[in-house]
Amino acid sequence: VTEARVRFDTDVPGLWGLWPTMPELWSYSSLREIEACPRRWMLSRASYPDLWGRHGYPPLPVVATVFGNVVHAVVERITKELRKAGMTSPSAAYVVGLLGSLGGWKGIVLESVDHCLETFEGNPRISPERLGRVRDELIRRAPEAADQIKSFLGRGALPAAASYQSQRTPQDSDKPRPRYPAGPGTHTEREVTSEELRLTGRIDLLRIDDADVTVTDFKTGAADEDHDDQVRLYALLLDLDRQTNPCRRPATQLRVSYAGYERAVKPPTAEELRVLETATAARIQSADSITKDPGPRATPRESNCQSCQVKHLCDAYWSVMPPAVTEVSTEMWFDFEGRVVSRNGSRSWFLTSLGTPPSEVLVRTWSSDVLFPVGQRVRLLGVRRSQDPEDEQRLVISMVATSEWFALAR
Amino acid sequence: LAGGAGFTQQVSELGREIFELALARLEDCPADCEESCYRCLRGFRNRFEHSHLDRHLAASLLRYLLYGTLPTLGPQRLERSAGKLFEDLARSGVEDVTFKRNASVNVEGIGTVVAPILATKAGGQRAIIGVHGPLTPDVAPTVELHRVHQETFERVKLVDDLIVARSLPSASREVLEFIR
């Protein structure tokens, strides 16, 4: 990445950023994300030097995402541990000793939960209380995670193939990671890359034997036919990655594996692979051009904006998506933009909505530390429409500990 | 209770002893009731909550708070609960799954363990179903089963005793979703 980064300003006073440059490699998910909403992708991956020192906009922890990361991390850890010990069967007595020594499934999962949540430490957007709540929810789901891990490992992840032991030194850390031929056996979290196409992926489970090359992707969420595209793309990467697959053996079986069942996906033929390669090259070219656009287009729609973590920075979202406060039913969660009129009490403020005609709204905050700037526009995320028991006609909005608010420049 | 909320002040003055006496009453109810009665937990003022009062559960929590003992429910209670769940599952009429009560299962690396309920699918895949105490989610009723649950690849599902007691259809649904 050698291009100069372009600075941009946001509506939030003092918050400016540097747009991301064209990535060296794309992945299935990054391509999907930039295609779904170019602006969301760009805002999420921009740098905000005055906000924090890390790359991208500070993310919020999403339980489902962290849950998936925990499951994948434990599958990788267990297969590595068993491979290190030269294990050939998941049911051998050694496994019992190993799992016991690691604290049992629960201990292993909880350790992974803490490890995954460590990435949120120092994140200016997340309070320790919020992180604690996410942790509690993940602990509650630990048995479910352990069961999914058992299920995935039981679907051919063992015995694991011997892996190359890296001889990399700390000085090598900024060099591209070398890949080595994937031999017979099973490989978890196997990277496959095409430098020519500038596309990379990590195959959750790659199984190679005399008869078949099987690509399996583990999914911890709900079944979705879009997942089929991902394994087809892995088949393409496997075909193109001459380091991992020097004999160019085609993927003969593709599977999407959910907690309860597996779905077989028809592997692409040689001709279909070429068509997919051409189509993917075009997608990458299009994605590249988006990264050069200093005013990336937004595509506000429910499916894109619901889980968007940078919507407070996106005018397009606020102009079309949030419902008018008068149309929101009591107890419903929504986002609200308004202008601060005056303080009402230590934890309540009067705001006016920006619609026509403007409506007066009483906003109840969760803490007296919330100090809205009078006269300025503010955006409130994740607030609840409430009712005033003494005045049913009054429009009331409640903020909770997980609600966020952002004052705007004008 | 005479004194209403003011009674709490007297409780604090009595110190630890009052909790030890309460524990003795909960663990050894003079009426030897199953869950609660007027000799231990029930009173006129909590009449709407009678169905929720459980002296064994209260005792296990109090014992944990006083002495740090891991909360447990008696084996008979867990057995009764597993039996209730088994009967409901057997009645559910789910095709291609058979349920067996107190089945011996050989688990490599552990040995033979008794599965409170063994669910076997037509394809041969099996899952062990057991009941856990409400205060100890993820703790199996026996040490052996706990090891199977935590240290092997066997699929084990533990259902909350309280869910079995209060909402049996929900408990069965949980199991059926697990073995789907």
Side-chain angles (χ1 to χ4, degrees), chain A residues 71 74-75 77-79 81-82 85 87-111 113 136-160 186 222-223 257-263, chain B residues 70 94-97 105-113 115 119-163 170-171 173-180:
Chain A
V71 169
V74 175
V75 167
R77 181 180 177 195
I78 297 296
T79 49
E81 295 277 358
L82 294 174
M87 287 305 302
T88 55
S89 162
S91 57
Y94 181 85
V95 174
V96 174
L98 173 71
L99 293 174
S101 71
L102 296 175
W105 287 111
K106 188 168 186 177
I108 296 165
V109 169
L110 295 192
E111 198 182 318
V113 165
D136 289 346
E137 176 60 12
L138 289 163
I139 290 172
R140 193 186 66 74
R141 292 183 63 184
E144 187 191 341
D147 188 60
Q148 291 207 8
I149 295 158
K150 287 182 191 182
S151 177
F152 290 153
L153 286 171
R155 287 185 195 151
L158 298 168
T186 58
S257 183
Y258 299 97
Y261 73 104
E262 273 193 344
R263 186 173 64 237
Chain B
L70 188 72
V94 181
E95 285 177 18
D96 68 26
V97 182
V105 178
N106 185 39
V107 180
E108 210 176 336
I110 300 280
T112 302
V113 294
T120 310
K121 289 175 87 171
Q125 305 97 316
R126 68 186 185 191
I128 296 173
I129 317 297
V131 176
H132 71 76
L135 300 173
T136 50
D138 238 20
V139 176
T142 64
V143 175
E144 295 74 26
L145 189 54
H146 188 70
R147 288 194 66 207
V148 172
H149 184 31
Q150 290 297 324
E151 299 170 20
T152 75
F153 285 79
E154 284 285 338
R155 295 192 73 209
V156 179
K157 171 74 181 170
L158 299 176
V159 184
D160 192 331
D161 169 82
L162 214 55
I163 308 276
S170 303
R173 201 163 43 245
E174 243 183 75
V175 172
L176 295 174
E177 274 172 20
F178 181 78
I179 57 175
R180 72 197 148 168

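Residue numbers start from 1 in every chain, and the chains themselves are labelled A, B, ... in the order their sequence lines are given, proteins ahead of strands. Since the structure is predicted, the reported quantities are computational estimates derived from the model, not experimental observations. Atom set for the values below is all heavy atoms of this structure, side chains included, hydrogens, waters and symmetry mates excluded.
For B/Q125, no part lies near chain A; criterion is any non-hydrogen pair under 4.5 Å. For chain A, no part of B/H146 is nearby; none of its heavy atoms comes within less than 4.5 Å.
A/P143 and B/D138 get closest at one heavy-atom pair: CG-OD1, 3.5 Å. For the pair B/H149 and A/K150, the tightest heavy-atom approach, listed with the atom from each and the gap, is O-NZ, 2.9 Å.
Taken to the nearest 0.5 Å, the CZ atom of B/R155 stands 4.0 Å off from the CG atom of A/D147.
Judged purely by atom type and a 3.5 angstrom limit, A/W105 uses its side chain to pair as donor or acceptor with the backbone of B/T152.
Looking at residues two or more places apart in sequence or on another chain, you find no salt bridge (charged side-chain N to carboxylate O under 4.0 Å, His left out) involving B/E177.
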